[in-house]
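Because only heavy atoms are used, hydrogens play no part in the values below, and waters and symmetry mates are left out as well, while side chains stay in.
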Amino acid sequence: MSKTLRQKSQQWQMLLEQVSGKLEQVKLALAAIQAKESDLEEKEDKILTLKTQYSRNLIDLERVDHDIEEATRLRKFMIHLDKTLSLIKREARGVQNEKAHIGEEFVKLEKERLKFETLKHRAEDKNELETVRKENRERDLSNSLRHSKTKT
């Protein structure tokens, strides 16, 4: 019987290793998503800074000097910055959705890993308990044989 328990333990170990491999891949994907998210945040901050700068430049230009061509160029550039900012925000939402999906996959795989680990430990514990019982029976049998030999 302990052979079957050892085989079960090995099966659970094999499944555990498979799930752990998938879990590592998901962790790498989460790290990549986090890096992409940080990159998008940086880009958004840079564009907001640029937009603030050009907005000040436009206000200063309109106060001092009314160079229409320069003001038009600044306005067009600010429109371009707004479009770029909206694209970054859309991409950031996509990254957030992807991150949520990968996070769900991580949780699912982690639960599966814990389940297989628990089942493996149970099989090992049952095997150990069976081995101890077998050893106790053998010892009891040996003691009883020894005791019966000493009486005769």
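Note that NE2 of H101 is 14.5 Å distant from CZ of F106, once rounded to the nearest 0.5 Å. Rounding to the nearest 0.5 angstrom, the gap separating the CG atom in N57 from the CD atom in E70 is 8.5 Å. Rounding to the nearest 0.5 Å places CD1 of I68 at 10.0 Å from CG of L61. Between I33 atom CD1 and I102 atom CD1 the span is 4.5 Å, to the nearest 0.5 Å. One distance of note links CG of L16 with CD of Q10; it measures 13.5 Å at 0.5 Å rounding. Summarising the geometry, atom OH belonging to Y54 is positioned 7.0 Å from atom CG belonging to L74; distances are rounded to the nearest 0.5 Å.
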Derivation of the side chain to side chain contact (heavy atoms under 4.5 Å, CB included) call for I47 and E44: CA-CA 5 Å; I47 288 177; E44 184 178 10; 5.9 Å; no
Can E91 and K36 be said to form a side chain to side chain contact (heavy atoms under 4.5 Å, CB included), step by step? CA-CA 10 Å; E91 191 173 346; K36 190 172 183 179; 3.4 Å; yes
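The side chain to side chain contact (heavy atoms under 4.5 Å, CB included) test with I88 is passed by exactly one of K43, E41, K46: K43. The side chain to side chain donor-acceptor pair (under 3.5 Å) test with E124 singles out one residue from K126, R122, K120, and that residue is K120.
E117 has a carboxylate O that lies under 4.0 Å from a charged side-chain N of R113, or vice versa, which qualifies the two as a salt bridge. A salt bridge links K108 and E105; the closest N-O separation between the charged side-chain nitrogens and carboxylate oxygens is under 4.0 Å. With respect to R56 and D60, no salt bridge is recorded, no charged nitrogen being found less than 4.0 Å from a carboxylate O.
Remark: the backbone N or O of K51 is not paired with any side-chain donor or acceptor of S55 at under 3.5 angstrom. The backbone N or O of E138 sits nowhere less than 3.5 Å from a side-chain atom of S142 that would complete a donor-acceptor pair.
Q11 and Q7 share no side-chain donor-acceptor pair at under 3.5 Å. In this model, no donor atom of one side chain and acceptor atom of the other lie less than 3.5 Å apart for N136 and R133.
In this structure, L23 and E110 approach most closely via the heavy-atom pair CD2-OE1, 3.0 Å. In terms of heavy-atom proximity, L85 sits nearest to L48 at CD2-CD2, 3.5 Å. Closest of all the heavy-atom pairs between K99 and L30 is O-CD2, 4.2 Å. For the pair L109 and V26, the tightest heavy-atom approach, listed with the atom from each and the gap, is CD1-CG2, 3.5 Å.
Residues H80 and T84 have side chains in contact (heavy-atom distance under 4.5 Å, counting atoms from C-beta outward). N143 places a side-chain heavy atom less than 4.5 Å from the side chain of R139.
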